Amino acid sequence: MKKVLLCCILSIMISSCGYTMAGFGGKNVPIKYYINTVNNNTIDTSIGDIIQLEAERFFLSYNELSSYKNATYFMDIDIENLKYINPVLSATDEASSTNIYYEITIIVTDIEGREIYSWNTTVSKSFTISSSVATALQNREQAIKSSLNDIFTTFRISISPKVY
């Protein structure tokens, strides 16, 4: 009984000095992003929509997507330098797959509009070309989507010291 009383008195004394125990009373503000703009500076008009939807899906899965009013940070995504490179098979002089390359830049600002973080990466993904245009487009879209999860995960890791 004396040990419990001593622990209680000691805890009260320590907390009265302004100290807190880990996990109690911390000021952890949840991070909430609002995806402000997705600037597609490429000739492929659909890539911006794909990236916007995947960004929303990704940050929603971490409960970090917010409305404009409730956001702690605003995110702008720029897409540039889109290229398709077709490796040609020498035996048939045909391409069976292509590589999509593009640059993506994510700029994060706080609620006052100050830039707190800018991150840039180059994406490279291969996908299969088929004789069906619809199938080739589905393969391209799937290749873009599959690479975005890795991109956004790397972004979260690299920005974490600044916002978490």
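Model, not experiment: these values are computed from the prediction. Throughout, residue positions are numbered sequentially from 1 according to the sequence presented. Excluded from the calculations below are hydrogen atoms, water molecules and symmetry mates; all remaining heavy atoms, backbone and side chain alike, are included.
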State which residues pass salt bridge (charged side-chain N to carboxylate O under 4.0 Å, His left out) with [X]; sequence neighbours excluded, sorted by chain then number.
X	value
Glu56	none
Asp49	none
Asp150	none
Lys83	none

Would you call [X] and [Y] a side-chain contact if the rule is heavy atoms closer than 4.5 Å?
X	Y	answer
Thr105	Glu80	no
Val108	Phe155	yes
Ile77	Ile104	yes
Thr72	Pro30	no

Give, for atom [atom1] of [X] and atom [atom2] of [Y], the distance between the pair rounded to the nearest 0.5 Å.
X	Y	atom1	atom2	value
Tyr33	Ile159	OH	CD1	4.0 Å
Ser147	Gln142	OG	CD	10.0 Å
Arg140	Gln138	CZ	CD	11.0 Å

#### Entry: Evaluation steps, side chain to side chain contact (heavy atoms under 4.5 Å, CB included), between Arg57 and Asn149
CA-CA 10 Å; Arg57 183 201 57 76; Asn149 189 51; 4.1 Å; yes
Set of side chain to side chain contact (heavy atoms under 4.5 Å, CB included) partners for [X], sequence neighbours left out:
X	answer
Glu141	Ile50, Lys145
Thr42	Asn40, Asp44, Ile47, Ile79, Leu82
Ser126	Ser97, Asn99
Asn63	Lys32

### Message
Taking side-chain contact (heavy atoms from CB on, under 4.5 Å) as the criterion, tell me which of Ile51, Asn81, Asn41 meets it with Tyr102.
### Response
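Testing each of Ile51, Asn81, Asn41 against Tyr102, the sole residue satisfying side-chain contact (heavy atoms from CB on, under 4.5 Å) is Ile51.
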In terms of hydrophobic clustering (I, L, V, M, F, W, Y; side-chain heavy atoms under 4.5 Å; direct or indirect links), are [X] and [Y] co-clustered?
X	Y	answer
Ile151	Ile31	yes
Ile107	Trp119	no
Leu60	Ile35	yes

### Task
Quick one: name the residues clustered hydrophobically with Phe74, using the 4.5 Å side-chain heavy-atom rule over I, L, V, M, F, W, Y, and just say none if it's on its own.
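Noted: Phe74 shares its cluster with Tyr34, Tyr68, Ile111.
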### Message
My understanding is that only residues two or more places apart in sequence, or in another chain, count here; which of them pass ring-ring contact (aromatic ring centres under 6.0 Å, His included) with Phe152?
### Response
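Phe152 satisfies ring-ring contact (aromatic ring centres under 6.0 Å, His included) with Phe58, Phe59 once adjacent residues are dropped.
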### side chain to side chain donor-acceptor pair (under 3.5 Å) involving Tyr73 - partner list, sequence neighbours excluded
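Partners of Tyr73 under the side chain to side chain donor-acceptor pair (under 3.5 Å) test: none.
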### Query
Which residues satisfy the side chain to side chain donor-acceptor pair (under 3.5 Å) test with Thr122, sequence neighbours excluded?
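With sequence neighbours excluded, Thr122 shows a side chain to side chain donor-acceptor pair (under 3.5 Å) to no residue whatsoever.
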### Worked check of side chain to side chain contact (heavy atoms under 4.5 Å, CB included) between Lys125 and Ile144
CA-CA 7 Å; Lys125 192 69 174 179; Ile144 293 168; over 6 Å; no
### Task
For residues Phe127 and Asn139, report the shortest heavy-atom separation together with the two atoms involved.
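Closest heavy-atom pair between Phe127 and Asn139: CB-O, 3.6 Å.
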